[in-house]
Amino acid sequence: MELTALLLSRIQFALTIGFHILFPTLTIGLALLLFAHEALWLATRRAIYLQSCRFWSRIFAVNFGMGVVSGIVLSYEIGTNFAGFSEATGNVLGPLFSYEVLTAFFLEAGFLGIMLFGWKRVPGWLHIMATGMVAIGTLISAFWILAANSWMHTPAGFEVRDGVFYATDWWAVVFNPSFPYRYTHMVLASLLTTAFVAAGVGAWYVLRDRHAEFGRMTLRLAVITAAVLAPLQLVAGDFHGLNTLKHQPMKVAAMEGHWHTETGVPLLLFAIPDQAAEKNHFEIGIPKIASLILTHELDGELKGLTEVPPEDRPPVAPVFFSFRVMVGIGMLFIALAATGLVLLLLGRLFAYPLYLKALIAASPLGFFAVIAGWVTTEIGRQPWVVAGLMRTADSGSATVQTSEVATSLALFSVVYLLLLLVFIGVILGLIRKGPTTGPEPEQQPRFATA
C-alpha cells in the first residue's frame with residue numbers, strides 16, 4: 001500500500017479524533033454526575049455529596065481542558081488536509097460546526113467558571129444552574145457534532161450543483177435518518193463509560209479502606225446508574241443497527257462478516273475475514289441468530305458484501321473485529337452491572353474483593369468501547385466520505401505533500417502520547433489524593449434566592 005498524502009492524512013485524522021473523543025465522552029458523563037450530586041447536596045445537605053462535587057469537578061476541569069485543546073486541531077485538519085471534502089460539503093457542514101461553537105461552547109465557557117470557582121461566591125440556586133448549563137452545553141455540543149457526522153452517513157435535505165452540496169431543508173439535514181439513533185447511542189455510551197469510571201474509583205477506595213464513606217456512596221450510585229444504562233444501551237444499539245441495515249447494508253454486512261446474500265444467517269462469534277477470497281476462515285457461529293437479530297425472523301434474508309463491486313465494499317476485518325470488541329465490552333458491562341445490583345439488594349456490594357477488583361479493571365473499558373464503535377461506524381462507511389455520493393479518494397487536498405503530512409503525523413503521535421501520559425498521571429494523582437473535606441460554601445440553604 002502506497003503511503004500517499006491522503007492516506008497519511010486519514011491516519012492522522014483518525015489519531016487526532018480518536019484522542020479527542022476520549023475527553024468529550026467523559027465530559028458529558030461527569031457534567032451530569034456533578035449536577036446530580038450537587039442536587040443531592042442541596043436537597044440533603046449531606047457533606048458526602050459536597051465532597052463528591054469537589055472531587056469530580058477537579059477531574060472534570062482537567063478533562064474539559066484537554067478536550068478543548070485537542071478539539072481545536074480537528075477543524076484545521078479538515079481545512080488543510082481535506083480541501084476537496086471542505087469545498088464540496090462546507091455549505092452544509094460548516095454551519096453545523098458553527099452552531100456547535102455558538103450554542104454549546106459559549107454556553108459551557110460562560111458557566112464553567114461559576115461551576116468551578118463559584119462555591120463561596122454565589123448562592124446555591126445559581127451554582128447548580130451553572131452546573132446544569134454546563135451539562136446542557138455538553139449535550140448540545142454532541143448534538144451538533146453528531147448531526148454533522150450522521151449527515152455524512154445518511155445525507156438528507158440537500159442538492160448537488162457542480163459537485164458542491166447545498167442545503168435545501170435544514171430540518172432534514174440536522175434530523176437525518178441516522179441522527180436520532182447515533183446521538184442516543186453516543187450519549188448513553190458517555191454516561192455508561194462515566195458510570196464505570198466512577199464505579200472503579202469507588203471500588204478502589206473501598207478495597208483499600210481509604211475515604212471509605214465516599215467510596216461506598218460513589219460505588220453504590222455508579223452501580224445503580226450502570227444497571228439502568230447498560231440494558232438501555234443494548235436496546236439503543238439494536239435500534240441503531242436496524243437503522244444502519246436499512247440505510248447502509250454493506251456496513252452491517254462487514255460488521256457481521258457476511259459475504260453472500262442468503263437467509264437464516266448465523267451470528268458469527270469469531271471468524272477471520274478474507275476480503276480477497278470473499279469468505280471467512282475459522283468461523284464459529286450460532287445458526288440463524290444474525291437473521292433473527294436484524295430481521296426479527298429466523299429465516300430473514302440479509303444482503304451480503306458481494307451485492308456491490310469490490311471497490312464499493314468497506315475493509316471488512318477492522319469493522320468485523322472492532323464491532324465485536326464494542327459488543328463484548330457492552331455485554332461485560334451488563335454482567336457487571338447486574339451482579340452489582342444483586343449484591344447491592346442483598347447488602348453485600350462491598351463484601352467481595354474479587355468483584356471490586358473486576359470493577360477497577362473494567363473502569364477504562366468504556367473508552368475502548370467508544371473507540372471500537374467509532375472504528376466500526378467510520379471504516380464501515382468506506383469507501384465513501386459522504387455515503388453513496390462522495391468518495392474518500394476525492395476528499396484530499398491537492399497541494400499537501402506526503403512529506404509534510406508524514407512530519408505532522410510523527411509530531412502529533414509523539415505529542416499526543418506525552419499528553420495522554422501526563423493526563424493519566426494527573427488523574428491518577430487526583431484519585432490517590434481523594435476527596436478533600438472543608439467548610440461548606442457560604443451559600444444560602446437549599447434553593448435560596450439570595
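As a basis for the values below, the full set of heavy atoms in this structure was taken, side chains included, without hydrogen atoms, waters or symmetry mates. Starting from 1, each residue takes its place in the sequence as its number.
- Scanning all heavy atoms of the two residues, the minimum distance from Ile72 to Ser75 falls at O-OG, 3.0 Å.
- Here the closest non-hydrogen pair linking Ile371 and Gly18 is CD1-O, 3.4 Å.
- Ion pairing of Arg216 with Glu213 is absent here, as no side-chain N (NZ or NE/NH1/NH2) approaches a carboxylate O to less than 4.0 Å.
- A distance-only check finds no donor-acceptor pair linking the side chain of Ser150 to the backbone of Ala147 [under 3.5 Å].
- Considering only residues two or more places apart in sequence or on other chains, Ile17 meets the side-chain contact (heavy atoms from CB on, under 4.5 Å) condition with Phe13, Leu74.
- Ring orientation note: the planes of Phe412 and Tyr416 are nearly perpendicular, at an angle over 60° on the 30°/60° scale.
- For residues 67-95, there are no salt bridge (charged side-chain N to carboxylate O under 4.0 Å, His left out) pairs, not counting sequence neighbours.
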Could you pull out every donor-acceptor pair under 3.5 Å between side chains of residues 350-357 and any protein atom, sequence neighbours left out?
| residue | atom | partner | partner atom | Å |
| --- | --- | --- | --- | --- |
| Tyr355 | OH | Leu336 | O | 2.7 |
| Tyr355 | OH | Gly340 | N | 3.2 |

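- Closest of all the heavy-atom pairs between Ser395 and Leu6 is OG-CD1, 3.9 Å.
- Sorted by first and then second residue, the salt bridge (charged side-chain N to carboxylate O under 4.0 Å, His left out) pairs with a member in residues 140-155 form an empty list; sequence neighbours excluded.
- Panel note: side chain Thr89, backbone Val92; no donor-acceptor pair is recorded below 3.5 Å.
- Here the CZ-CD1 distance, from Phe423 to Ile59, works out to 8.5 Å after rounding to the nearest 0.5 Å.
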Please tabulate, for the side chains in residues 219-240, all donor-acceptor contacts under 3.5 angstrom to protein atoms that are two or more places apart in sequence or on a different chain.
| residue | atom | partner | partner atom | Å |
| --- | --- | --- | --- | --- |
| Thr225 | OG1 | Leu221 | O | 2.8 |
| Gln233 | OE1 | His185 | ND1 | 2.9 |
| Gln233 | NE2 | His185 | O | 3.1 |

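- Remark: Thr193 engages no residue in a side-chain hydrogen bond (donor to acceptor under 3.5 Å, both in side chains) (not counting sequence neighbours).
- Side-chain atoms of Phe55 and His211, non-hydrogen and from C-beta on, never get closer than 4.5 Å to each other.
- Taking the side chain as every heavy atom from C-beta outward, Thr16 and Tyr76 never approach each other to under 4.5 Å.
- A distance of 11.5 Å separates CD1 of Ile334 from OG1 of Thr339, quoted to the nearest 0.5 Å.
- Side-chain N or O atoms of Ser363 include none that pairs as donor or acceptor with a backbone N or O of Val197 at under 3.5 Å.
- Shown here are the side-chain contact (heavy atoms from CB on, under 4.5 Å) partners of Val342, two or more places apart in sequence or in another chain: Leu346.
- With a 4.5 Å cut-off on side-chain heavy atoms, Arg182 and Asn243 do not count as touching.
- When all heavy atoms of Ala148 and Leu96 are compared, the closest pair comes out as CA-CD1, 3.7 Å.
- Note that Arg46 lies outside the cation-pi zone of Trp41, set by a 6.0 Å cut-off to the ring centre and a 45° limit from the axis.
- In this structure, Met186 and Thr25 have side chains that are in contact, with non-hydrogen atoms separated by less than 4.5 Å.
- A donor-acceptor contact shorter than 3.5 Å is absent between the side chain of Thr184 and the backbone of Tyr181.
- Here the side chains of Asn91 and Phe165 are not in contact, with every heavy-atom distance at 4.5 Å or above.
- For the pair Arg121 and Trp119, the cation-pi criterion (under 6.0 Å, within 45° of the ring axis) is not fulfilled.
- Remark: Glu108 CD to Met115 CE distance equals 9.5 Å, nearest 0.5 Å.
- Contact annotation: the side chain of Leu389 never approaches that of Trp384 to less than 4.5 Å [non-hydrogen atoms, C-beta and beyond].
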Quick one, Met152 with Leu93, criterion side-chain contact (heavy atoms from CB on, under 4.5 Å). Give me CA distance, side-chain angles, the key distance, then yes/no. CA-CA 9 Å; Met152 295 161 64; Leu93 298 182; 4.1 Å; yes
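- Residues Tyr99 and Val174 form no side-chain contact, since every pair of their non-hydrogen atoms from C-beta on lies 4.5 Å or further apart.
- To the nearest 0.5 Å, the span separating CZ on Phe111 from CG on Leu116 amounts to 13.5 Å.
- A side-chain donor-acceptor contact under 3.5 Å links Ser397 to the backbone of Ala83.
- Shown here are the side-chain hydrogen bond (donor to acceptor under 3.5 Å, both in side chains) partners of Thr103, two or more places apart in sequence or in another chain: Trp144.
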Would you please test Phe175 and Trp171 for ring pair (Phe, Tyr, Trp, His ring centres under 6.0 Å) and show each step? CA-CA 6 Å; Phe175 296 98; Trp171 283 104; 5.6 Å; yes
Distance-only check: which donor-acceptor pairs under 3.5 Å involve side-chain atoms of residues 26-37, not counting sequence neighbours?
| residue | atom | partner | partner atom | Å |
| --- | --- | --- | --- | --- |
| Thr27 | OG1 | Phe23 | O | 2.8 |
| Thr27 | OG1 | Asn63 | ND2 | 2.6 |
| His37 | ND1 | Ser52 | OG | 2.5 |

Extract all donor-acceptor atom pairs below 3.5 Å that involve side chains of residues 134-143 and protein atoms in other chains or at least two apart in sequence.
| residue | atom | partner | partner atom | Å |
| --- | --- | --- | --- | --- |
| Thr138 | OG1 | Ala135 | O | 2.6 |
| Ser141 | OG | Glu100 | OE2 | 2.5 |

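- For the pair Asn81 (side chain) and Ile78 (backbone), a donor-acceptor distance under 3.5 Å is absent.
- Ring orientation note: the planes of Phe333 and Phe196 are close to parallel, at an angle under 30° on the 30°/60° scale.
- For Phe367 against Leu22, the heavy-atom pair with the smallest separation is CE2-O, 3.5 Å.
- Expressed to the nearest 0.5 Å, how far CD1 of Ile48 lies from CD of Gln51 amounts to 4.5 Å.
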Given side-chain contact (heavy atoms from CB on, under 4.5 Å), test Tyr183 with Asn149 step by step and report yes or no. CA-CA 10 Å; Tyr183 181 68; Asn149 179 265; over 6 Å; no
Would you give me the side-chain donor-acceptor pairs under 3.5 Å for residues 319-332, sequence neighbours excluded?
| residue | atom | partner | partner atom | Å |
| --- | --- | --- | --- | --- |
| Ser322 | OG | Pro318 | O | 2.7 |
| Ser322 | OG | Val319 | O | 3.3 |
| Ser322 | OG | Thr376 | OG1 | 2.8 |
| Arg324 | NE | Leu268 | O | 3.0 |
| Arg324 | NH1 | Met255 | O | 2.6 |
| Arg324 | NH1 | Phe320 | O | 3.0 |
| Arg324 | NH2 | Met255 | O | 3.4 |
| Arg324 | NH2 | Leu268 | O | 2.9 |

Please list every donor-acceptor pair under 3.5 Å in which a side-chain atom of residues 245-254 meets a protein atom from a residue at least two apart or in another chain.
| residue | atom | partner | partner atom | Å |
| --- | --- | --- | --- | --- |
| Gln248 | OE1 | Lys251 | NZ | 3.1 |
| Gln248 | NE2 | His153 | ND1 | 3.4 |
| Lys251 | NZ | His153 | ND1 | 3.1 |
| Lys251 | NZ | Thr377 | O | 3.1 |
| Lys251 | NZ | Thr377 | OG1 | 3.0 |

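- With rounding to the nearest 0.5 Å, the separation of OG1 in Thr244 from CG in Leu294 is 9.5 Å.
- Side-chain contact between Tyr205 and Pro435 is present, with heavy atoms from C-beta onward closer than 4.5 Å.
- Closest non-hydrogen pair, Val173 versus Ala156, comes out as CG2-O, 3.4 Å.
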